Structure formats: C-alpha cells, structure tokens
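Report on one structure; see the data block that follows.
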Amino acid sequence: MTYTLENYLMTLHTGQWFGWSDSKNKVYANLVIHDDTKSKPSESDCTAGVAALQAAYDGDAYKRTREDAYPKLKEQLDLLYHDMTADKLDATGEWHKAVKAVKDATAKPS
C-alpha cells in the first residue's frame, strides 16, 4: 500500500472537512478546507504525516508477511491434536514442522 495526502488528512479529523479543487489531482495545492472550524495543515506537516504513515506500514511488512504465512489457528490445533495422540510433541511433530517452516522462511530482519 502506498499512502497519500488524502490518507493522512483522514487521520486528522472525522467527516468531510476537506476536499479538492481538482478531484483528479489530489495534491496539496488543490486542497480545500470545507469546515471553518478546521485549519489547513502546512504542506510540510502533510509531507511528514504521509511519510510517517508509510513508514509505519512498511515497518509492519514483516509482521503481516509472517501472520499470513502461518497455518490458520484451527489447522494448527488439528496438527497439535494429531501430534499429541502420536506422542510427537517435539521437533518431529507436524505442528512444529509447520511453524518452523514459517519462521525459517520469514526470518526477522536485522
């Protein structure tokens, strides 16, 4: 996902407090404030806000990748059940192998 000026502005206030003089070109120069109780943020605040949103999203990439890679919880529980009944609650169990495969494939960044 790539964050935009519009994404940032939506984090500042609720409702339709802003709009665009040119809806096809959503840049700071075309930003219009519709709500008199709200002030127009500076362009540098907007640039920094977009950068912060993007950095937070990018920083979570590892977490999202790993979470999506794990088997669903019900599948993990089923693997654990079968491992328990086969007395394989060690590295030979299927649950351990499945979780280890994800951990190996998605090593934490340094």
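The model shown is predicted, which means the values in this text are computed figures rather than measured ones. All heavy atoms count here, side chains included; hydrogens, waters and symmetry mates do not. This chain uses plain numbering: 1 for the first residue, then up along the sequence.
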Could you pull out all donor-acceptor pairs under 3.5 Å where a side-chain atom in residues 50-58 meets a protein atom, sequence neighbours excluded?
| residue | atom | partner | partner atom | Å |
| --- | --- | --- | --- | --- |
| Q54 | OE1 | Y3 | N | 2.6 |
| Q54 | NE2 | M1 | O | 2.9 |
| Q54 | NE2 | D58 | OD1 | 3.0 |
| Y57 | OH | M1 | N | 3.4 |

To the closest 0.5 Å, what do you measure between NZ (K88) and CG (L80)? 13.5 Å

Worked verdict on L9 versus C46 for side chain to side chain contact (heavy atoms under 4.5 Å, CB included): CA-CA 8 Å; L9 294 170; C46 290; 4.2 Å; yes

Atom pair NE2/CG of H96 and D90 - distance to nearest 0.5 Å: 8.0 Å

Please list all pairs passing the side-chain hydrogen bond (donor to acceptor under 3.5 Å, both in side chains) test where one or both residues lie in residues 12-24, with sequence neighbours left out. S21-N30

Just how far is it from atom OG of S42 to atom OH of Y28, taken to the nearest 0.5 Å? 6.0 Å

Under the rule for side chain to side chain donor-acceptor pair (under 3.5 Å), what residues qualify as partners of E43, not counting sequence neighbours? none

Rounded to the nearest 0.5 Å, how far apart are OG1 of T92 and CG of D83? 7.5 Å

Taking atom CG of L77 and atom NE2 of H82, what is their separation to the nearest 0.5 Å? 11.0 Å

Neighbour count above 12 (heavy atom, 6.0 Å) for K100 NZ: no

Taken to the nearest 0.5 Å, the spacing of T106 OG1 from E67 CD works out to 10.5 Å

Do the side chains of L5 and N7 get nearer than 4.5 Å, heavy atoms only? no

Should the heavy atoms of other residues, nucleotides or ligands under 6.0 Å from CG of D87 be counted, would the total exceed 12? no

Salt-bridged, D78 to K74, with N to O below 4.0 Å? no

Check this for me, if you would: do E75 and K72 make a salt bridge, where the nitrogen-to-carboxylate-oxygen distance has to be below 4.0 angstrom? no

